[in-house]
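Just so you know, these numbers come straight off a predicted model, no measurement behind them. Every heavy atom of this structure was used, including side-chain atoms; hydrogens, water molecules and symmetry mates were not.
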2 protein chains.
Amino acid sequence: MRTTKYTRDNMVELLRQHGINPTHQRIEIAHALFSHPGHLCADQVMGITNAKHSETSKATVYNTLNLFLDKKMIREVIVDPSKVFYDPNTYPHHHFYNTATGELTDIDVEDIGLTGLPQLPPGLVTEGVDIIVRVRPSA
Amino acid sequence: MRTTKYTRDNMVELLRQHGINPTHQRIEIAHALFSHPGHLCADQVMGITNAKHSETSKATVYNTLNLFLDKKMIREVIVDPSKVFYDPNTYPHHHFYNTATGELTDIDVEDIGLTGLPQLPPGLVTEGVDIIVRVRPSA
DNA sequence: GTAAAGAATTAGACACGGTCCAATCCTTTG
DNA sequence: CAAAGGATTGGACCGTGTCTAATTCTTTAC
């Protein structure tokens, strides 16, 4: 469990660690992602970074999120056909997805045992394994 | 392993079994889904049903696919942020997803052992568990 | 300090998957 | 055969995400 405070300064360092030039917008977007619990979509990121004063354009939000993905500073979570969620936690883990509310919750990978995955065809390598447990209110 | 021939007549029966009124378009769409190996997206379904003569509108394709989903005659597979795949196999199973080609391949659920899923918060029930193994060419 | 080059950001147009709606076209039933 | 309900349709529409050309910001070199 990380207990780091997500200050702007820490964001600058984080960006540098991933080879990303820390600009105002990038710092704000990183800060939005890392300081918010849970998983945001592009729309929400833009809402947060522009809450006080409009600072960041739609194009930049998408550019930046894709840059972060590219540099593996964040991860994308694909569970909803209509939008992508961005996950600041790149440590291997899985997700509960509440199909009623759209809420995503982490599942620690330590808890999970997964066996019996078939051999990959030759010429292919695994990029990652996503386990999504879809849940809904029992009512 | 099912070895049923996917004739139009069988499609009619299948639709009836799921409480769906078998119309021309529905039969054609069901046939497209079940007779094609693999997993199609809406676009491809429309392409196939309209290959010879244009018969089915975009609205009907989507209406029908959503109807099939509703009646649990097919399943959706969400792995690509830009489109949904429809899976005629509703028997529990998982998927390889080739991120380079977009190809989906089934993983038999028998092969897989999954343990240690955390307790669900009260008031929630599991709808399903999706395991997606993302793969790419090793080159 | 300043000019030039390169990087980042921007507004707005655009692409595309998918939904919505009102009008039309079947079917079925009486 | 008429009326009613269901299914289908074209086309407008919506939201997420991309593209592009123009602008601004930062860096470097002098």
Side-chain angles (χ1 to χ4, degrees), chain A residues 8 11-12 15-16 18-33 39-50 53-71 73-87 99 102 104, chain B residues 8 11-12 15-16 18-33 39-50 53-71 73-87 99 102 104:
Chain A
R8 262 73 175 173
M11 291 303 105
V12 171
L15 290 164
R16 290 228 169 87
H18 288 85
I20 299 170
N21 202 348
T23 65
H24 292 273
Q25 288 87 337
R26 287 168 181 177
I27 294 166
E28 283 310 306
I29 290 172
H31 186 257
L33 287 168
H39 309 71
L40 306 176
C41 62
D43 210 37
Q44 295 173 304
V45 169
M46 192 152 118
I48 292 167
T49 57
N50 289 344
H53 322 289
S54 185
E55 308 175 15
T56 312
S57 70
K58 188 169 77 154
T60 297
V61 169
Y62 281 101
N63 285 346
T64 303
L65 288 171
N66 287 327
L67 176 67
F68 288 0
L69 283 178
D70 229 59
K71 300 291 188 178
M73 204 181 88
I74 61 176
R75 215 215 277 193
E76 63 184 343
V77 183
I78 300 168
V79 288
D80 180 318
S82 77
K83 57 175 167 275
V84 173
F85 289 99
Y86 296 90
D87 191 340
T99 52
L104 270 174
Chain B
R8 261 75 176 173
M11 292 302 105
V12 171
L15 289 164
R16 290 229 169 86
H18 288 86
I20 300 170
N21 201 349
T23 65
H24 291 275
Q25 288 87 337
R26 288 168 180 175
I27 294 166
E28 282 311 305
I29 290 172
H31 186 257
L33 286 169
H39 310 72
L40 306 176
C41 62
D43 210 38
Q44 295 173 305
V45 170
M46 193 152 117
I48 292 166
T49 57
N50 290 344
H53 322 290
S54 184
E55 308 176 16
T56 313
S57 69
K58 188 169 77 155
T60 298
V61 169
Y62 280 101
N63 284 346
T64 303
L65 289 171
N66 286 327
L67 177 67
F68 288 0
L69 282 179
D70 229 57
K71 301 290 189 178
M73 205 182 88
I74 61 176
R75 213 215 277 192
E76 63 184 343
V77 183
I78 300 168
V79 288
D80 180 319
S82 77
K83 56 175 169 277
V84 173
F85 289 99
Y86 297 91
D87 190 340
T99 54
L104 271 174

* To do: Could you tell me whether the phosphate oxygens of C:dT19, OP1 or OP2, come under 4.0 Å of any side-chain nitrogen or oxygen in B:Y62?
  => no
* **Expected output: side-chain B:N50 to main-chain B:E55 donor-acceptor under 3.5 Å** => yes
* Structure fact -> Of B:N21 and A:V61, the one whose closest nucleotide on DNA chain C sits nearer the 5' end is A:V61
* To do: When you get a sec, tell me which of C:dT9, C:dG18, D:dG10 is the closest nucleotide to the side chain of A:T64?
  => C:dT9
* Check the pair B:L65, B:L33 against side chain to side chain contact (heavy atoms under 4.5 Å, CB included), reporting the backbone distance first and the verdict last. => CA-CA 10 Å; B:L65 289 171; B:L33 286 169; 3.8 Å; yes
* Nearest-angstrom distance from the residue atom CD1 of B:I78 to P of D:dT16 -> 16 Å
* Atom-to-atom span, NZ of B:K58 to P of C:dC20 - whole angstrom -> 13 Å
* Asked: Looking only at N and O atoms, is any donor in the side chain of A:K83 or the base of D:dG17 less than 3.5 Å from an acceptor on the other one?
  -> no
* Considering only side-chain heavy atoms of A:H24, which listed nucleotide, C:dT9, D:dT26, D:dT9, is closest? -> D:dT26
* Between D:dG10, C:dG18, D:dT18, which nucleotide gets closest to the side-chain atoms of B:A59? -> D:dG10
* C:dA8 P sits how many Å from A:E28 CD, rounded? -> 17 Å
* Does D:dT9 have OP1 or OP2 sitting under 4.0 Å from an N or O in the side chain of B:Q25? -> yes
* Would you check if B:D87 and B:I74 make a side-chain contact, meaning some heavy-atom pair closer than 4.5 Å? => no
* Structure fact -> Separation of D:dT9 atom C1' from B:I29 atom CD1, nearest Å, is 13 Å
* Whole angstrom is fine here: how far is it from CD1 in A:I27 over to C1' in D:dT26? => 14 Å
* Contact class for A:T60 vs. all strands (heavy atom < 4.0 Å): base, sugar-phosphate, or nothing? -> base
* To do: Output yes when at least one side-chain N/O atom of B:S82 is less than 4.0 Å from OP1 or OP2 of D:dG17, else no.
  => no
* May I ask you to verify if any side-chain N or O of A:N66 is less than 4.0 angstrom from the OP1 or OP2 atom of D:dT18? => yes
* Euclidean distance, atom CD of residue A:E55 to atom P of C:dA8 [Å, nearest integer] -> 18 Å
* To do: Kindly indicate, with the supporting measurements, whether the criterion side chain to side chain contact (heavy atoms under 4.5 Å, CB included) is fulfilled by B:R26 and B:L67.
  => CA-CA 10 Å; B:R26 288 168 180 175; B:L67 177 67; 3.6 Å; yes
* What nucleotide among C:dA11, D:dG17, D:dG10 has an atom nearest to a side-chain atom of A:S57? -> C:dA11
* **Atom-pair distance (CD on A:E76; P on D:dT16), nearest Å** => 16 Å
* To do: Check every strand shown and say whether B:N63 touches a base, only sugar-phosphate, or nothing at a heavy-atom separation below 4.0 Å.
  => base
* For the side chain of B:T56, counting heavy atoms from C-beta on, which of D:dT9, C:dT10, D:dT8 is nearest? -> D:dT9
* Check whether any side-chain N or O of A:Q44 sits under 3.5 Å from a backbone N or O of A:C41 as a donor-acceptor pair, and report yes or no. => yes
* Give the intermediate values and the outcome of side chain to side chain contact (heavy atoms under 4.5 Å, CB included) for residues A:V77 and A:V84. => CA-CA 6 Å; A:V77 183; A:V84 173; over 6 Å; no
* **B:I20 CD1 to C:dT27 P, straight-line distance once rounded to whole Å** => 18 Å
* To do: Quick one: label B:D80 by what it contacts on the DNA or RNA (base, sugar-phosphate, nothing), any heavy atom closer than 4.0 Å.
  => nothing
